[in-house]
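Since the structure comes first, as structure tokens, the remarks are kept for the end.
In what follows, chains are A, B, ... by sequence order, proteins preceding strands, each numbered from 1.
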2 protein chains.
Amino acid sequence: METQHVRMARPLACGFIESLAARFGPACQTSEAIRAQHGASESQYSTVLPDAVVFAISTQDVVDCVNLCRDAGVAIVPYGAGTSLEGHTLPLEGGVSLDLTRMDAVLSVNHADFDCTVQPGIRREALNTHLRDSGLFFPIDPGANATIGGMASTRASGTNAVRYGTMREAVLGLEVVTPQGKVIRTGTRAKKSAAGYDLTRLYIGSEGTLGVITAVTLRLHPVPEAIMAATCPFESLAGAIETVVGAFHCSVPMARIELLDSMQIRAVNLRSKLGLPEAPTLFFEFHGTPAGVTEQVETVRALAAGNGGGEFQWATHAEDRSRLWRARHESYYAAVNLRPGAIGLTTDVCVPMSRLAECILATRADLDKCSVPATILGHVGDGNFHLVFSIDPNAPHEMAEVEAVNHRMVARALAMDGTCTGEHGVGYGKQQCLVDELGEDAVQVMRTIKQAMDPQNLFNPGKIFRL
Amino acid sequence: METQHVRMARPLACGFIESLAARFGPACQTSEAIRAQHGASESQYSTVLPDAVVFAISTQDVVDCVNLCRDAGVAIVPYGAGTSLEGHTLPLEGGVSLDLTRMDAVLSVNHADFDCTVQPGIRREALNTHLRDSGLFFPIDPGANATIGGMASTRASGTNAVRYGTMREAVLGLEVVTPQGKVIRTGTRAKKSAAGYDLTRLYIGSEGTLGVITAVTLRLHPVPEAIMAATCPFESLAGAIETVVGAFHCSVPMARIELLDSMQIRAVNLRSKLGLPEAPTLFFEFHGTPAGVTEQVETVRALAAGNGGGEFQWATHAEDRSRLWRARHESYYAAVNLRPGAIGLTTDVCVPMSRLAECILATRADLDKCSVPATILGHVGDGNFHLVFSIDPNAPHEMAEVEAVNHRMVARALAMDGTCTGEHGVGYGKQQCLVDELGEDAVQVMRTIKQAMDPQNLFNPGKIFRL
């Protein structure tokens, strides 16, 4: 887990920037400010400047940019909202940061099939705003208002995954520009297919290392007839977790079940004025028919009561629900801001449900010995949880201490047959963790694929693994 | 769609069979009978003999067999139940048919996590028998009593996919022996992960062309509290289909919704003595809480009534349900047997729900002009359906006529943004369809992956695409 890195820029071919500028005009930017914006990271990583930023507005732009970069041997890093947390968009070898946020159109909505096709730069909130009157919604919700292309690239998930799955399940097919400059399509609008290698799933989670996603066909869901959301405080972290495990065992089809520890509640209270009791708390959302939701609520209430849960506080109106989930989504910023001037570092593991309590409680015990403040929160219905540390950037020992906690947390999750990343991805920061998880031979298979598909190693080089 | 093919056997290295026999003893078989069994196909393809059949009983056996084959440049074709329908297990270049059916152990069942790990040779019915007292079940059900490894290799689905997904969703991780003889693991038991390329999904559906699956970790499901199954005859095919589309739009979480046309009903009546009215019929199964199932049934009954549906006939007891679904599963054989001495050919397309009625009805109209008898049936809740032809093997014009219908059916599905195969796979028979569906450049990406991972092209050569 390094936080500093030397930029290993390749020397730019003579005249490359000029040829880019000739093709893209003002859509090619080389100002320090724009390069710095695209070379920064949400998390603990230092800024690394690209040589240029190209703003694509069409698939043809992407093809032309890819061809120019390939011919000149220049690295290319696709860029969306820049909200990823493992340094995915850092242009480690310089080159072009290819900004796709201007490709943000909804290309089609097929109401009768519950699907839509969008350009990669649209953000998930904008997509749901577009769908507002259609009776459909796009459920995947990583918290950040990320772009759909970025979410596909990192295999994002978030609060609704327990019910609706992750980007792996949400994407029917992609349009991708390959390192050879070909525009391919990886799937149709059929709900399932056994036609050849699953290229869709290969690109999802490949973090921009195999191609540039230029369109995404997404599965949508009907807005449920009934939606109820609530919070419930618990006497102990263990009681909250046992409630989640119980709900899993009862197969309650909850839409969301989120854990926030008491420090995280303090943070969201401060930021979002929720006024919740400062205790380990579950945030729930139930989707279904009115009768179905009532049944779910009764089951979960009984489970909570048996595990030291307090009163359910209901967010009855749509606005109350929005406020609640906005507060949940801003948890990261809320936690970092607990300490003025701090920088954030978030961790991300996912374990089998049977090990969730043990994993969180052992991590809590480890945190008790750590001098850096951290909150615990997570998509516990999936067995996925995070720590958010608020680190003093001027105290180098803090980063070292945090990295040690993170290292132990990953090792603990792997020992429990879990994963080093439930949803944030590998990026720059978790490459050794990936090897620890799947072994050198499996990672070598990934490298083999990468080297075959991108023989010049120009697409987001230095991510997922070193070559 | 060729049905004959010349075996393009590679010349065997001198002493290869001897070295195989030295390593495997009686687990290496070269008798004509056993080779013929492994070189045959369930469908219309002619038998192609492997040079030898090796029965593996351990991952180490697989590793050793792979190493011997690789060093001698001999092809290797993984073999399970042999129930696939697109010629997947035909050893087109001779070599070794690697039979995995003796690797049929359940390695672990994790009740608290709803998962299990099995060897690839276990059949799905045996797995469910093993799970009988656990309160859990494995839902994926392609009809045939296939092996789990074979189902993973072909990305199988079947009757329950509308509710529980396909093998893509059912597999948490695999153990795979690579063409280099390495044993890799592609995932953990975590419910989700963003750790690196999705090798699990790459191997699922790769039809044995990238490695040999030696263990599968599967997601299981709790046996629902309430299960109800029923059949309902319709005045017209169109009415039955509209009921399915309506149920989709109402988001009824049905476990199964299957269509059988009247000729298929006649066939299952004859074979399984069901005594159903000879009419287009839907077979339903509802899973959930008692109240939830009641609610689903009411919605679907109202939809059926509005679309010319008749009385629901309930299979109330578990044995009645088993009988009903066994009859459904034997539909293929029932249909082929309508015509004494006939051989079967089944088609397989999947289209967006909005095009399902149009696609089936246009296919029905095409069949009306075809002299070869065929039934229509399918997993219509997914938009997936099949024809089963009963072809006179002594009348070559029949095969030509059937291939023309199949060709038009695939073209129709593709024009509707559907897929050439919902669940049977590409195998030997649908390679041009795959190119028609995704384009030459996408298939070229698949070839690039294949060539990088299996540079000698020894793993099930000649399947999915030609190199």
Q.
Given heavy-atom pairs under 4.5 angstrom as the criterion, report whether the side chain, backbone, both or neither of A/His379 touches chain B.
A. side chain
Q: Mind checking the CZ-CZ spacing from B/Arg189 to A/Arg355? Nearest 0.5 Å is all I need.
A: 8.0 Å
Q. Looking at NZ of A/Lys191 and CG of B/Leu356, how far apart are the two atoms once the value is rounded to the nearest 0.5 Å?
A. 10.5 Å
**Q.** Side chain, backbone, both or neither of A/Leu438 within contact of chain B (heavy atoms, under 4.5 Å)
**A.** both
Q) Do A/Glu437 and B/Thr188 meet the criterion of a side-chain donor-acceptor pair at a distance under 3.5 Å? A) no
Q: Select one option (side chain, backbone, both, neither) describing which atoms of A/Ser206 are under 4.5 Å from chain B's heavy atoms.
A: both
Q: Measure distances from A/Cys350 to the heavy atoms of chain B and classify the residue's part below 4.5 Å as side chain, backbone, both or neither.
A: both
Q. Does any heavy atom of chain A fall under 4.5 Å from the side chain of B/Lys463, the backbone, both, or neither of them?
A. neither
Q | No-hydrogen, no-angle side-chain donor-acceptor test under 3.5 Å, B/Thr166 and A/Lys192 | A | no
Q) Which distance, rounded to the nearest 0.5 Å, do you find between the CG of A/Asp441 and the CD of B/Gln180? A) 9.5 Å
**Q.** Flag side-chain contact, heavy atom, 4.5 Å: A/Val445 against B/Tyr203
**A.** yes
Q. So, B/Arg155 side chain and A/Ser193 main chain: donor-acceptor pair closer than 3.5 Å or not?
A. yes
Q. Can you find a pair of side-chain heavy atoms, one from A/Arg201 and one from B/Leu202, that are under 4.5 Å apart?
A. no
Q: Check whether B/Ala161 gets within reach of chain A through its side chain, its backbone, both or neither, counting any heavy atom under 4.5 Å.
A: side chain
